[in-house]
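Values below: all heavy atoms of this structure, side chains included; hydrogens, waters and symmetry mates excluded. Every chain is numbered from 1, with letters handed out A, B, ... down the list of sequences. Just so you know, these numbers come straight off a predicted model, no measurement behind them.
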2 protein chains.
Amino acid sequence: MVTVDGMALGKDYATQECSIARALEVIGERWTLLVIRDALYGVRRYNDFLLHLGIPRAVLAARLQTLTAEGILEKRRYQESPPREEYVITERGIALWPTLRSLGVWGREHFAETQLRRFEHADCGTELGPYGECPACGTVVPVPDVVMVPGPGLNPDPADPVSRALLRPKRLLEPIETTTGAAVQET
Amino acid sequence: MVTVDGMALGKDYATQECSIARALEVIGERWTLLVIRDALYGVRRYNDFLLHLGIPRAVLAARLQTLTAEGILEKRRYQESPPREEYVITERGIALWPTLRSLGVWGREHFAETQLRRFEHADCGTELGPYGECPACGTVVPVPDVVMVPGPGLNPDPADPVSRALLRPKRLLEPIETTTGAAVQET
DNA sequence: ACCATAGGTTCGGTCATTGAACCAACCCCG
DNA sequence: CGGGGTTGGTTCAATGACCGAACCTATGGT
């Protein structure tokens, strides 16, 4: 056999015939799922991802490019004069919500944290079940109808403006209003 | 602030207050979710993981150790005389099934593959819904009652004995019978 | 003219992953 | 008793990915 030359290492799982493996080739790299999570929470701008995630700039640029190429985010110009871009999650990205939801539930249940955020059905206020369904209505809740409610145990006065914007209840996908404090300024 | 020295890079997402991030610190590394998938499929032995995944030996050893330490796998001796170990998935690991299931569904739907495997409710033969529920019975199917059925599009004559064992229908968690062909022998 | 903002790219250093080789029990076979 | 096979690892040099910091570009505000 000749072990197809080229990418010997990296993001692919060459020998696997499995849709889980295919999925992981797309979203399995470090930081990628957190970028998608933030996009579901309404984060759209390069600088906001940067502030909220604490990800190296180069890595963020690479992830945004890959996710755009894979059709999970869509890059678009939201302002011409000083050219400004934003990255908006697509249907394909939104379809990852049940996965992220069940991963979050698993993380909370098995690593004993206080509940940091709660997710409710906007129509009735019921807390979602483990796969994003509404126990009261008996239906899978469309992502735009999910409300994220911050819980206790969440730092009440975070440093970055994105975390501050996420401190009050809001619907998924609804863009965060970027108070435009300071750019990347740390410390 | 002083950014706790020590692990500056690696597996942690230091600034994130989020159970998704906590979960990813545990199962977010390369290969980890595939090891867990295989464990759900009934793979238990070091050599079988090796053969089926094509993972470097050192990485496999590291992942098995981490997963054992995190309580996702349990290492146990299944034979004394020549001391032999096996890694069996725990409740905590089994709880990842809905996550893996929804990830697999996403991978198949968005990256247009033929259906490689199907998952059915053993009691009634109905194909599972996207989160591992049975549409006919209306309940979430316990993992031991899920039957994995190989589909078309799966290589009918794979090289390694593990893939061959996974070619016929079987329940999740049921250990694969390792025909004990040859050890790691490739070529 | 000067500073700030948004969205990047470049670069040297460090960490993780890779493939191949080696090791160590123990068994079976002759 | 010696040789080979199986299982479950460890070690090692090389390569790629990730890291933080610095720099760049375009624009707008004052």
Gap between atoms [atom1] and [atom2], on [X] and [N] respectively (whole Å):
X       : N      : atom1 : atom2 : value
B/Ile55 : C/dT17 : CD1   : P     : 9 Å
B/Phe49 : D/dG8  : CZ    : P     : 11 Å
A/Asn47 : C/dA4  : CG    : P     : 15 Å
A/Leu60 : D/dC19 : CG    : P     : 11 Å
B/Gln65 : D/dG9  : CD    : P     : 9 Å
A/Leu24 : C/dT17 : CG    : P     : 14 Å
A/Leu64 : C/dA6  : CG    : C1'   : 13 Å
B/Asp48 : D/dT7  : CG    : P     : 8 Å

Who pairs with A/Glu74 by side-chain hydrogen bond (donor to acceptor under 3.5 Å, both in side chains), at least two apart in sequence or on another chain? none
Across all chains, not counting sequence neighbours, the side-chain hydrogen bond (donor to acceptor under 3.5 Å, both in side chains) partners of A/Ser163 are A/Asp160
Would you please indicate if the ring centroids of A/Trp97 and A/Phe119 are separated by under 6.0 Å?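 A/Trp97 vs A/Phe119: aromatic centres under 6.0 Å.
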Choose from C/dT18, D/dT10, C/dT17 the nucleotide whose nearest atom is closest to any side-chain atom of B/Glu29.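 Between C/dT18, D/dT10, C/dT17, the one nearest the side chain of B/Glu29 would be C/dT17.
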Name the nucleic acid region contacted by [X], choosing base, sugar-phosphate or nothing; use a 4.0 angstrom heavy-atom cut-off, strictly under.
X       : result
A/Arg77 : nothing
B/Val59 : base
B/Ala62 : nothing

Side chain to side chain, B/Val26 and B/Ile72, heavy atoms closer than 4.5 Å: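 Side-chain contact under 4.5 Å: yes.
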In terms of heavy-atom contacts, does [atom1] of [X] have more than 12 from other residues, nucleotides or ligands at under 6.0 Å?
X        : atom1 : value
A/Gln115 : CD    : yes
A/Glu127 : CD    : yes
A/Glu174 : CD    : yes

Can you see if the side chain of [X] gets near the phosphate of [N] - specifically, an N or O under 4.0 Å from OP1 or OP2?
X       : N      : value
A/Arg57 : D/dC18 : no
A/Tyr78 : C/dG7  : yes
B/Trp31 : C/dT18 : yes
B/Arg63 : C/dT17 : yes

On DNA chain D, compare the nucleotides closest to B/Ala61 and A/Glu80; which residue's is nearer the 5' end?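 Result of the comparison: B/Ala61.
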So, with a heavy-atom separation below 4.0 Å from DNA chain D, the residues of residues 82-90 of chain B are B/Arg84, B/Glu85, B/Tyr87
